[in-house]
Every structure is written in C-alpha cells, then in structure tokens.
Amino acid sequence: MLLPVSRITQDRPFLDAGDFVASFKVLHATDSKAAIIRGTSVLELCLIIAMKHLNDIYHGEPFNFEMVFSEYQKFCQRKSSMQMHEKAVVLKAFEHLCALELLRPVGGCTAKIQKEYQMMNLMVDSSEIMESLQKYPNCPTDVKQWASCSMVSE
C-alpha cells in the first residue's frame, strides 16, 4: 500500500487501479525461481544445468536422478576443473532441489519407485536458468560455459 499511496499528489489526489498494478509489477519484478537458483550451491547449480541439457536433448521429456548424475559426471570428467562429489552427496543435492520445488515428480511421488529412478520434470525454463546464472555470485567460469553450450557432448 505504501507505493501506491506515495504516488498521490495535489494534481492526482486519488488512487486508481493502475497505481496498484504498477506497484505490483515493481514489487514482483524479481522472479522467485531466479532468486531460489541464485541461493543454491554450486553443486546444485550444476545439477540444474545438467537437467537443462537433458531437457534440450530430449525435448522436455522427464528425466531421473541417474540421468542427471550421468550428465554431471561427464561435465566433471571432461570439461571441468571442479572436483566430482560422491553419488550420495549429489543425490542429497538433487533431493534439496526437489524440496525447493524446482523439480516435480511425474504423476506424483510413488513409493514403489526408488528415488533415483523417479521420473521428474524441471519447473524452470532455460531462459530463467541463464538469467539466474548471470547474477549468480562467484559462479565458476567452467559452469557458466557449460550452461551456455547448446548440447552436451557425448
């Protein structure tokens, strides 16, 4: 309410709907998903980028942890000076991204499927990821370059 009220002047003594719409746009200009991504660890960011590449390669089809882990391994082995984390650590980071609701299980959670094989959808599109990456504090150059690649080399 403070922003619309601050627009009252002698010439414009009354508020209209446009004042509220303008204040809403100003207050919500920061995308919450982008802010969440900027708050992730470098490992979690790498997993998001791996998922982005999987979305590009498979045209938005669902993926599972094993697929993401495979992309992450390829990056660490071939393209990066970063250390590769153990699978259990990477799985925990993957689960954290699920808790942040950046991923959603296909068809809801199924108790019969191991979590490593549960099919997931990424709830962030490529442009949001790339925008977040530009504002990510101290992002390693290798990670930025990997995100910019249109396809992951096999």
Side-chain angles (χ1 to χ4, degrees), residues 1-4 6 20-154:
M1 275 303 270
L2 184 60
L3 197 56
S6 69
F20 290 98
V21 170
S23 68
F24 179 81
K25 286 180 181 177
V26 167
L27 293 174
H28 291 91
T30 304
D31 182 19
S32 62
K33 287 181 186 175
I36 290 170
I37 292 170
R38 285 192 305 273
T40 60
S41 68
V42 173
L43 171 59
E44 291 165 340
L45 181 63
C46 286
L47 296 181
I48 291 168
I49 294 168
M51 291 178 247
K52 171 193 171 298
H53 286 302
L54 288 169
N55 270 346
D56 293 345
I57 293 167
Y58 298 112
H59 307 290
E61 289 294 315
F63 52 83
N64 62 32
F65 169 75
E66 291 295 332
M67 296 166 72
V68 174
F69 186 69
S70 176
E71 290 298 315
Y72 168 72
Q73 279 183 313
K74 288 177 196 175
F75 168 66
C76 287
Q77 290 169 350
R78 295 188 185 156
K79 305 260 186 188
S80 174
S81 57
M82 292 178 43
Q83 75 170 46
M84 191 165 101
H85 295 279
E86 295 177 17
K87 192 172 188 176
V89 174
V90 178
L91 179 59
K92 195 70 173 169
F94 185 82
E95 291 172 342
H96 185 241
L97 294 173
C98 292
L100 292 173
E101 298 181 358
L102 296 176
L103 308 174
R104 183 176 12 197
V106 174
C109 282
T110 312
K112 295 179 182 178
I113 300 175
Q114 287 181 324
K115 56 188 165 190
E116 295 94 322
Y117 301 103
Q118 172 71 48
M119 298 305 284
M120 307 293 273
N121 283 318
L122 183 61
M123 304 310 298
V124 186
D125 64 41
S126 290
S127 62
E128 290 174 309
I129 293 169
M130 296 309 290
E131 182 182 321
S132 299
L133 203 58
Q134 299 307 315
K135 298 175 184 173
Y136 192 91
N138 302 317
C139 184
T141 304
D142 289 348
V143 174
K144 281 186 179 180
Q145 289 174 348
W146 182 39
S148 299
C149 294
S150 59
M151 294 295 248
V152 177
S153 61
E154 295 298 320

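Predicted model only: the values in this text are computed from it and were never measured.
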Single hit among Lys135, Glu128, Gln134 for side-chain contact (heavy atoms from CB on, under 4.5 Å) with Glu131: Lys135

Residue pair Leu45 / Leu133, side-chain heavy-atom distance below 4.5 Å: yes

Of all the heavy-atom pairs spanning Pro137 and Arg38, show the shortest one and how long it is. CD-O, 4.1 Å

Give a yes or no on this: more than 12 heavy atoms of other residues, nucleotides or ligands lie within 6.0 Å of atom CD of Gln73. yes

Would you say the side chain of Ile113 lies within less than 4.5 Å of the side chain of Met119, judging by non-hydrogen atoms? no

One should read off an interatomic distance between Lys144 NZ and Ile49 CD1, to the nearest 0.5 angstrom, of 10.5 Å

Value rounded to 0.5 Å, distance of CD1 in Ile36 from CE in Met123: 12.0 Å

Are any non-hydrogen side-chain atoms of His85 and Tyr72 less than 4.5 angstrom apart? yes

Please report the closest heavy-atom contact between Ala50 and Glu71, naming both atoms and the distance. CB-CB, 3.7 Å

Which residue in the set Val124, Leu122, Ile129 passes side-chain contact (heavy atoms from CB on, under 4.5 Å) when paired with Asn55? Leu122

Measuring from atom CG of Leu103 to atom CD of Gln118, what distance do you get when rounded to the nearest 0.5 angstrom? 11.0 Å

Quiz: residues 60-70 side-chain donor-acceptor pairs under 3.5 angstrom, not counting sequence neighbours:
{"from": "Asn64", "atom 1": "OD1", "to": "Glu66", "atom 2": "N", "distance (Å)": "3.1"}
{"from": "Asn64", "atom 1": "OD1", "to": "Met67", "atom 2": "N", "distance (Å)": "3.0"}
{"from": "Glu66", "atom 1": "OE1", "to": "Lys87", "atom 2": "NZ", "distance (Å)": "3.0"}
{"from": "Glu66", "atom 1": "OE2", "to": "Lys87", "atom 2": "NZ", "distance (Å)": "2.9"}

Is the shortest side-chain heavy-atom distance between Met130 and Ser148 below 4.5 Å? yes

Do the side chain of Tyr136 and the main chain of Ile37 share a donor and acceptor less than 3.5 angstrom apart? no

dist Leu97:CG -> Leu47:CG (nearest 0.5 Å) comes out at 6.0 Å

Would Trp146 and His53 satisfy side-chain contact (heavy atoms from CB on, under 4.5 Å), going step by step from the backbone distance to the final call? CA-CA 9 Å; Trp146 182 39; His53 286 302; 3.5 Å; yes

Once you round to the nearest 0.5 Å, how far does NZ of Lys115 lie from CG of Leu91? 5.5 Å

Can you list the steps and then say if Met84 with Phe75 is a side-chain contact (heavy atoms from CB on, under 4.5 Å)? CA-CA 9 Å; Met84 191 165 101; Phe75 168 66; over 6 Å; no

Within this structure, what is the CD-CG distance for the pair Glu44 and Leu100, rounded to the nearest 0.5 Å? 6.5 Å

Taking all heavy atoms of Lys52 and all of Ser126, pick out the closest pair and write down the distance. CG-OG, 3.6 Å

